[in-house]
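In what follows, a structure is listed as C-alpha cells, so that the remarks can point back to it.
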Amino acid sequence: MCIIVKKAEIFLLFTHITYIYRTLDAIRVNRRAYLKGILAVGTLSITSFSVFKWVDLNKSVAPGKLWEKRAIIAELAELIIPETDTPGAKAAGVDHYIIDVMISCNPVRQQHKFFSGLQDLEKYALDNFEKDFLKCNTNEKRQILQHFADHAEYSNRILNKINNKLFGQSFFSKLKNLTVEGYCLSRLGVTEGLAYDYIPGKFEACIPLQPNQKSWATK
Amino acid sequence: MMYISDKTKELSTYDAIVIGSGISGGWAAMELCRKGMKTLLLERGRDVKHLQDYPTANLNPWDFKFGYNNPMEDQKRNPVQSTSYNPTNKHFYVEDMEHPYIQEQPFNWLRGYQVGGRSLTWGRQCYRFSDLDFEANAREGIAVDWPIRYKDIAPWYSYVESFIGVSGQKENLSQLPDGEFLSPMELNCIEKHLADSIKKNDHDRLLTIARVANLTRGWDNRGPCQYRNLCSRGCPFGGYFSSNSSTIPAAMATGNLTLRPFSIVTEILYDEQKGKAKGVRIIDTLSNEVYEFYSKIVFVNASTVATAGMLLNSTSSRFPNGFGNGSAQIGHNLMDHHSSAGASGTHDQFADQYYKGRRPSGFLIPRFRNLHDNEKLDFKRGYNIQGHGERQEWSDKVNGLSGFGSDFKAQLTTPGPWTVWMAGWGECLPYYENKIALDPDQKDKWGQPLIRIDFSFKENEHNMMTDIRNSSGEMLEKAGFRNVDTFNYKKPGGSTIHEMGTVRMGRDPKTSVLNQFNQMHEVKNVFITDGSCMTSSASQNPSLTYMALTARASQFAFEQLKNGNL
C-alpha cells in the first residue's frame with residue numbers, strides 16, 4: 001500500500017507540475033511570476049494536495065447527496081442575496097438552480113469540492129456553535145459563511161489561478177457564483193431584482209440614469 | 001449499381017442545382033429562380049422554417065434550466081461546437097460526434113447543418129473589400145492575384161446591400177468603401193467618447209458604428225429590429241438577414257425552387273464526353289438511399305471546408321485528383337481571420353448616463369495599418385478593431401465584488417462603471433501548407449472520407465496580434481480608461497468562423513481553380529461562390545463579399561447559358 005501511494009504521489013506530482021507549467025504558459029507570466037509559480041508548487045502541495053484527497057475528488061457525487069443539502073444551500077444562497085426591498089435568493093428558487101447546475105454542468109472534481117465544502121461548513125457550525133447549521137441564528141450563520149469567505153482564496157492571484165485550474169473553484173467562490181447566476185437568471189431576479197426589457201422595440205444610446213436605477217438583467 | 005429509369009431521370013433534372021443553403025447558397029437559389037430557372041437547392045441538414053422553427057426565440061432567461069451553461073455530457077459529445085453555442089442556440093449547431101473531422105493542429109470547425117446554415121447565427125457584419133485588398137497579393141507577390149478589382153464587384157455590393165438591408169454610417173474611406181445604408185444605430189456615451197479621443201489623436205483612425213444586416217426600419221416585409229439582441233436564436237421579427245427569412249422565401253415565391261433537405265452531396269458527376277458536370281450524387285440521410293440529380297449548371301455553396309472536401313471526393317478519369325483540380329490547389333490556402341488580441345478597460349466618466357434597449361452590434365475602427373507604403377511594421381496587411389461599450393452588469397461584476405449580503409446585492413444589481421472591450425479582426429495570409437485533405441482510411445457514418453484540417457497562424461499573424469494588443473491598449477489609455485488590460489486569447493484557427501480560400505479564384509488555370517466569375521477554369525458549368533473562392537482574406541467580415549460574388553456569378557452563368565456557351 002505504502003509503495004503504491006508513493007508511486008502515485010510521484011506520478012501525480014509530475015502531472016501537477018506539468019499542469020502548472022501549462023497554466024503559467026497560458027497566462028503568459030514573466031520570469032518573476034514564473035519563479036513565483038515554482039514556489040506555488042510547494043505551497044499548494046503542502047496546503048491542499050494529498051493523494052487521498054485527489055483520488056477521492058475523482059469519484060462522482062451522487063445527486064441524492066446534494067439534494068439532501070438543499071435546505072442548507074437555500075439558506076446559504078439567501079445569506080449571499082438576501083430579501084431586501086426586492087426578493088432574495090430563496091424566493092427566487094436559487095437552491096434548485098445551484099443543485100441542477102452543480103450536478104449536470106460541473107466536472108466531478110468541482111462537484112466534490114463543493115460537496116465537501118458543505119460538509120466542512122456543517123462541521124464548522126458544530127465545532128464552533130455546537131449546533132446544526134440550520135439551527136443557528138442569522139448572525140451565527142453569517143459568521144460561519146464569513147469564515148469560508150475569508151478562506152476562499154489565496155491572496156496571490158497566480159496561486160489562485162493555479163489552484164482553481166487544478167482543484168476547481170473554492171467552495172465559497174463557486175457557491176457565490178452560482179447564487180448570483182441563479183438569481184440573476186430567475187424570474188424574480190430578472191423582473192424584480194433587476195430591470196428587464198423583454199422587447200425593447202428601440203435603442204436609446206444615452207439616457208440619464210434614473211433614481212434607484214437597477215441594472216439591465218440581460219445584455 | 002443503382003438503376004435510374006428515364007422517367008426518374010426526367011423528374012431528377014433541373015436547370016440548376018445549388019449545393020448548400022447557407023448565406024451564399026440562398027443567394028444563388030434566389031437569383032437563379034428569379035431568372036426563371038428550375039432550381040434544386042440541396043441541404044445536408046434538416047429544414048428550418050422562418051419563424052416556426054425558432055423554438056427559443058421568445059424564451060426568457062429563466063426558461064433555461066441550466067442558465068447559459070452547457071451540461072458536461074453535452075460538452076463531452078461536442079467538444080468543438082460547445083465552445084460556441086449555449087442552450088439558447090445549440091439547435092443551430094451540428095453534433096461533433098455525428099460529424100467528426102481530424103485536426104492535425106487545433107482547429108475549431110464550427111458548423112450549422114440545416115436550411116439556412118450559419119446565416120442563422122452569423123455576426124451580421126457587412127463590410128466591403130476595397131482595392132487595397134484586391135491588389136494586395138499582386139503588389140506583394142503573395143499567392144496569386146485576385147482576378148477582380150473593386151469596380152467589378154462594387155455594383156453587386158450595392159445590389160446585395162439594397163436587398164438585405166444594412167444599417168451603417170458613411171465615412172468616405174478608401175480602405176472601407178461606403179455602401180447603401182439604412183440609418184445607422186447610435187453609439188452610446190462611452191463609445192462616442194472613445195470616438196472623439198481617437199479622432200483627436202490620430203487622423204488616420206476613426207471609430208464608427210458597426211455596419212450590420214440588422215434593420216433600423218421595416219424592409220422587404222421584415223423587421224425592424226426590436227433591439228432584443230437575441231439574433232442567434234432566429235428572429236421572430238425578421239430583424240436581421242438570413243437565408244431563412246429572406247432569400248429562400250423569395251426563391252420559393254417564384255415557383256421555381258425545389259428545396260431538398262437531408263441530402264448530403266457526396267460528389268459532382270462529370271460527363272467525360274461533354275466535358276462538363278452533369279449533376280450530383282447525394283445520400284438521403286433519412287433513407288440512406290443514393291440518388292442522382294442532373295442539371296445544366298451547378299453552384300457549389302457547401303462552405304469552404306466542405307466544398308473542398310466534396311470536390312476532392314469527386315474523382316473521374318479526367319480528374320483523378322479531384323474535380324477541376326488540374327492546378328492541385330483545391331484544399332490549400334485555407335484562411336481564417338484571427339480575433340484573439342485586443343484590450344479592455346473601465347472609465348470613470350458618464351456615471352449618470354445609461355442606455356435602453358440592447359443594440360445587436362458594436363463599433364468598428366476600420367483598418368489603419370499599412371494604408372501607406374513604408375510604414376515599417378513587422379507584418380503585412382492589417383486589421384479592423386471591433387468592440388462595444390457598456391456599463392458593467394451582474395455577470396461582469398460577480399468576481400470583482402467581495403463579501404455577501406445586502407450591500408453586495410445592492411452593488412450587484414446596479415449599473416457598474418462604463419467599460420469598453422475591443423479586439424482586432426486580422427487578415428490571415430494564404431499559405432499553401434494551411435490545408436484540408438481527405439483521410440485515406442477513416443469514414444463517417446455515411447461512408448464518406450473524414451476531412452483532415454491542418455492549419456496554423458504564422459509569424460505575420462502573430463506579429464499583427466502583438467500590434468493589435470498595443471494599439472488597442474494605447475487608444476484606451478489615451479481616452480482616459482483605467483484598468484486597461486491587453487490580451488491575446490490565442491484561440492485556435494477556425495474560431496472566428498471565417499474559413500476561406502480552399503478553391504481560390506485567379507487568372508491562371510495552372511495556379512487557381514476559379515476564374516473572375518467564380519467559374520471553374522476546367523469545368524465551365526460549375527460555379528463556386530462560398531468562402532472557398534477567396535484569393536485573400538482581407539480583414540473584413542467576408543459574408544457580404546460572398547453574397548455579392550454569388551449574385552454576380554449567377555448573372556454571368558445565366559447569360560452564358562442563354563448564349564449557348566455552357
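Below, all heavy atoms of this structure are taken into account, side chains as well, without hydrogens, waters or symmetry copies. Protein chains get the first letters and strands the later ones, always in sequence-line order, with residue 1 at the start of each.
Contact of B:F408 with chain A is made through the side chain alone, with heavy-atom distances under 4.5 Å. Heavy atoms closer than 4.5 Å to chain A are found nowhere in B:L230, neither backbone nor side chain. B:A351 touches chain A through its backbone: at least one of N, CA, C or O sits under 4.5 Å from a heavy atom, while the side chain does not. Using a 4.5 Å cut-off between heavy atoms, A:S173 does not touch chain B at all. Both the backbone and the side chain of A:V101 come within contact range of chain B, with heavy atoms under 4.5 Å apart. The parts of A:Q146 that come within reach of chain B are both its backbone and its side chain, each placing non-hydrogen atoms under 4.5 angstrom from that chain. Residue contact with chain A, scored on non-hydrogen atoms closer than 4.5 Å, is absent for B:F487. Residue contact with chain B, scored on non-hydrogen atoms closer than 4.5 Å, involves the side chain of A:L194 exclusively. In this structure, chain A has a heavy atom under 4.5 Å from the side chain of B:S395, while its backbone stays farther away. At a 4.5 Å heavy-atom cutoff, the contact between B:N69 and chain A is made by backbone and side-chain atoms alike. Looking at A:A217, only its backbone comes within 4.5 Å of chain B, counting heavy atoms on both sides. Looking at B:N58, the atoms closer than 4.5 Å to chain A (heavy atoms on both sides) sit in the backbone and in the side chain alike. Residue B:D407 does not touch chain A at all, counting heavy-atom pairs closer than 4.5 Å. For A:L188, no part sits under 4.5 Å from any heavy atom of chain B, backbone or side chain. Interface residue A:Y198: backbone and side-chain heavy atoms are both found under 4.5 Å from chain B. At a 4.5 Å heavy-atom cutoff, B:E191 makes no contact with chain A through either its backbone or its side chain.
In this structure a side-chain-to-backbone donor-acceptor pair under 3.5 Å is missing from B:S472 to B:G342. When atom types are taken as modelled, the side chain of B:R391 and the backbone of B:G416 share a donor-acceptor pair closer than 3.5 angstrom.
For B:R217, the CZ atom counts as loosely surrounded, since its 6.0 Å shell holds 12 or fewer non-hydrogen atoms of other residues, nucleotides or ligands.
Ring centers of B:Y355 and B:W418: under 6.0 Å apart, within the cut-off.
Ranked by heavy-atom pairs shorter than 4.5 Å toward chain B, the options A:D150, A:T179, A:N177, A:D85 are led by A:N177. Note: A:C184 leads A:S186, A:C184, A:A195 in heavy-atom pairs under 4.5 Å with chain B.
Of all residues in residues 75-89 of chain B, those placing a non-hydrogen atom less than 4.5 angstrom from a non-hydrogen atom of chain A are B:Q75.
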Could you walk me through whether A:K219 and B:E393 satisfy the salt bridge (charged side-chain N to carboxylate O under 4.0 Å, His left out) test, starting with their C-alpha distance in whole Å, then the side-chain angles of each, then the deciding distance to 0.1 Å, before giving a yes or no?
CA-CA 8 Å; A:K219 290 190 168 192; B:E393 317 287 6; over 6 Å; no

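Atom OG in B:S167 sits 7.5 Å away from atom CD1 in B:I209 (nearest 0.5 Å).
Residues A:L175 and A:F148 fail the side-chain proximity criterion, which asks for heavy atoms closer than 4.5 Å.
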